[in-house]
Amino acid sequence: MTDTPLILAVPSKGRLQENAAAFFARAGLVFTQSRGARDYRGTLKGVPEVEVAFLSASEIVSQLSSGTAHLGITGEDLIREQIPDADTAVELLTPLGFGHANVVVAVPQAWIDVRNMADLDEVAADIRARHGTKMRVATKYVNLTRRFFAEKGVSDYRIVESLGATEGAPGAGSAELIVDITTTGATLAANALKILDDGVMLRSEANLVASTRAPWTDRAKAAATAVLTRIAAEEEARTSREIRASLDPAKASGLAPLAREHGATLPYGSALGREIVLHCRTATVFDIVTALQSLGAQDISVRAFDYLFRPTNALTERLLRRIG
Ligand SMILES: Nc1ncnc2c1ncn2[C@@H]1O[C@H](COP(=O)(O)OP(=O)(O)OP(=O)(O)O)[C@@H](O)[C@H]1O
Ligand SMILES: O=P(O)(O)OC[C@H]1O[C@H](OP(=O)(O)OP(=O)(O)O)[C@H](O)[C@@H]1O
Ligand SMILES: [Mg+2]
């Protein structure tokens, strides 16, 4: 074990690696990587007390579940599959907008009469009548499949655990249908499979996840806060704009109502002299510009930020609410 206060688990390979690295880079969090004895370890430049563990998306889930890692990036599909009590063990702090994939039930396209989960009962009965065996479902999402099939009232089947190339199972004759993840649908199409109409089990994307079981010492909380504050400041910057203008002080009384109406703020107060500054959501910029023009404002400029640090942020609040 290590005595570094905070372990941050980051995908080291596969679909999520590049996007995760880009996500941290946007927040000004740069990894310095070194090869450790058993796995890759690193640090975050300028953020002491954080150790970065480079792991597979699935190993990240295990470490968050056991509390070996405090924070990590991984897919919700893996969280729901691998952690039976996910809502107790981890907190999904925020979806990250990449790693989108659906976990789906797919059957051969040739089964033209089979469209939804309820139709699988007939398929199962048919297979039993013809071969005296159970309908076989190939998947590596064993737990998600059991849960979903039970919810849909389908019980006469057996799972064939798949370790890869799941979509090939029906063609190879090792299962009748599959449960797997899909993004573009290309792999399903290449294997002549179709998704059942009500066969989307989970819409997954990469999430920033906190472990509730990790040793959340005061130093770990402080280190997490340092990381989350930067991530939040980047997001706040990306979704905000600054509007500056020159306004006749005689018109300044119209400013606060204007800001309120558009959900904007006056971070430095109402006008001292002619210069006014508003912060607003990106989508409201042009409405505010128009309103300012109606108020007689001139020389209106709109700027983007690199980082915007607020007194507090939703990520840190969410974490601290959960871990106390
Ligand atoms: N098209 C996709 N296929 C699979 N996973 C995807 C896709 N798009 C996003 N993901 C996400 O990436 C996660 C990790 O998938 P990836 O393929 O990188 O790992 P893996 O193949 O499971 O790794 P391993 O080598 O351990 O099997 C998935 O669980 C899912 O959350
Ligand atoms: O809908 P699509 O865009 O075709 O993507 C889906 C495919 O991608 C994943 O496999 P991956 O390429 O990660 O290989 P793996 O089976 O080795 O994980 C997944 O297991 C599917 O097979
Ligand atoms: Mg994969």
Side-chain angles (χ1 to χ4, degrees), residues 8-24 31 33 38-40 52-66 68-69 71-84 86-87 89-109 136-148 159-172 174-197 199-211:
L8 171 65
V10 174
S12 60
K13 66 183 202 65
R15 304 282 187 145
L16 305 180
Q17 177 187 13
E18 263 181 42
N19 281 314
F23 166 78
F24 284 109
F31 303 131
Q33 198 166 332
R38 278 177 44 245
D39 48 13
Y40 287 102
V52 181
F54 297 98
L55 303 166
S56 75
S58 135
E59 181 61 18
I60 289 171
V61 175
S62 308
Q63 297 215 355
L64 289 168
S65 177
S66 67
T68 310
L71 294 176
I73 285 187
T74 192
E76 183 175 358
D77 57 325
L78 301 176
I79 295 270
R80 302 284 169 209
E81 170 63 24
Q82 294 181 33
I83 316 182
D87 292 332
V90 297
E91 177 79 11
L92 302 184
L93 293 176
T94 186
L96 297 174
F98 59 85
H100 287 281
N102 291 345
V103 183
V104 303
V105 184
V107 304
Q109 287 165 1
R136 294 163 303 168
V137 183
T139 190
K140 63 175 177 179
Y141 294 93
V142 173
N143 298 315
L144 284 178
T145 300
R146 290 214 174 99
R147 239 177 281 156
F148 186 76
I159 286 177
V160 178
E161 222 174 319
S162 163
L163 301 172
T166 308
E167 294 90 340
S174 57
E176 278 71 41
L177 63 155
I178 67 151
V179 167
D180 202 4
I181 199 162
T182 176
T183 303
T184 64
T187 311
L188 292 175
N191 288 279
L193 298 173
K194 63 175 181 183
I195 302 172
L196 293 180
D197 289 346
V200 178
M201 293 169 41
L202 176 70
R203 292 173 202 283
S204 174
E205 70 182 283
N207 268 255
L208 181 61
V209 184
S211 167

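Read the numbers this way: they start at 1 and go in the same order the structure lists the ligands and their atoms. Side chains included, hydrogens not; waters and symmetry mates left out as well; all remaining heavy atoms used. All residue numbers refer to positions in the sequence shown, counting from 1.
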**OP:** For atom CD of Q109, decide whether the heavy atoms of other residues, nucleotides or ligands shown that lie under 6.0 angstrom number more than 12.
**Re:** yes
Subject >> Exercise: identify the closest heavy-atom pair between L64 and S211 >> reply: O-OG, 2.8 Å
**OP:** Could you list which atoms of ligand 2 come closer than 4.0 Å to a heavy atom of A186?
**Re:** 1 (O), 4 (O)
Subject >> Considering all heavy atoms, the nearest S56-K13 contact >> reply: CB-CE, 4.0 Å
Original post:
Given M201, which of N102, D77, V179 fulfils the side chain to side chain contact (heavy atoms under 4.5 Å, CB included) condition?
Top reply: V179
Subject >> Proximal atoms of ligand 1 relative to T183 (non-hydrogen, under 4.0 Å) >> reply: 1 (N), 2 (C), 7 (C), 8 (N)
**OP:** Using heavy-atom distances, let me know which of T183, T166, D180 sits nearest atom 5 (O) of ligand 2.
**Re:** T183
Original post:
Side chains of V107 and L196: does their closest heavy-atom pair fall under 4.5 Å?
Top reply: yes
Subject >> For R15, atoms of ligand 2 separated by under 4.0 Å from a heavy atom >> reply: 8 (O), 9 (C), 10 (O), 11 (P), 12 (O), 13 (O)
Subject >> Close N or O approach (G164, ligand 2; < 3.5 Å) >> reply: no
**OP:** Can you sort out which atoms of ligand 1 are near K140, meaning under 4.0 Å from one of its heavy atoms?
**Re:** 22 (O)
**OP:** May I ask you to check if ligand 1 and T182 share an N or O to N or O distance below 3.5 Å?
**Re:** no
Original post:
So, is R15 polar-close to ligand 1, with some N/O to N/O distance under 3.5 Å?
Top reply: yes
Original post:
For ligand 1, which atoms sit closer than 4.0 Å to a heavy atom of G99?
Top reply: 9 (C)
Original post:
Does at least one non-hydrogen atom of Q17 fall below 4.0 angstrom from an atom of ligand 1?
Top reply: no
Original post:
Quick one: which ligand 2 atoms are inside 4.0 Å of a heavy atom on T187?
Top reply: 2 (P), 4 (O), 5 (O), 6 (C), 7 (C), 22 (O)
Subject >> Exercise: identify the closest heavy-atom pair between E205 and L96 >> reply: OE1-N, 3.6 Å
Subject >> Beyond-backbone contact of F148 with Y141, side-chain heavy atoms, under 4.5 angstrom >> reply: no
**OP:** Number the atoms of ligand 1 from 1 as they appear, then name those within less than 4.0 Å of a heavy atom of K13, with their elements.
**Re:** 23 (O), 24 (P), 25 (O), 26 (O)
**OP:** Within a distance under 4.0 Å of any heavy atom of I181, pick out the atoms of ligand 2 and give their elements.
**Re:** 6 (C), 19 (C), 20 (O), 21 (C)
Original post:
With atoms numbered from 1 as shown, which atoms in ligand 1 lie under 4.0 angstrom from a non-hydrogen atom of G14?
Top reply: 18 (O)
Original post:
Within a strict 4.5 Å, meaning less than it, do heavy atoms of the D180 and L188 side chains meet?
Top reply: no
Original post:
N/O of S58 under 3.5 Å from N/O of ligand 1, yes or no?
Top reply: no
Original post:
Which residue, L8, L208, V209, N207, forms the side chain to side chain contact (heavy atoms under 4.5 Å, CB included) with I73?
Top reply: L208
**OP:** Specify the closest pair of heavy atoms between T166 and P170, including all atoms of both residues, with the distance to one decimal.
**Re:** O-CD, 4.0 Å
**OP:** Verify side chain to side chain contact (heavy atoms under 4.5 Å, CB included) between L144 and Q82, making sure each step is shown before the conclusion.
**Re:** CA-CA 9 Å; L144 284 178; Q82 294 181 33; over 6 Å; no
**OP:** Pull out every atom of ligand 1 sitting under 4.0 Å from any heavy atom of L78, numbered as shown with elements.
**Re:** 29 (O)
**OP:** Record the part of E76 in heavy-atom contact with ligand 1 below 4.0 Å; permitted values are side chain, backbone, both and neither.
**Re:** neither
**OP:** Among L202, T145, N143, T139, find the one that has a side chain to side chain contact (heavy atoms under 4.5 Å, CB included) with E81.
**Re:** N143
Subject >> ligand 2 to K140 polar contact by distance, N or O atoms, under 3.5 Å >> reply: no
Subject >> ligand 1 contact by E59, heavy-atom criterion under 4.0 angstrom >> reply: no
Subject >> Nearest candidate to atom 3 (N) of ligand 1, where distance is taken over non-hydrogen atoms, out of I181, N207, T184, T187 >> reply: I181
Original post:
Of all heavy-atom pairs between P11 and L16, which one has the smallest distance, and what is that distance?
Top reply: CG-CB, 3.9 Å
**OP:** List every atom of ligand 1 that sits less than 4.0 Å from any heavy atom of G75, numbering the atoms from 1 in the order shown and giving each element.
**Re:** 31 (O)
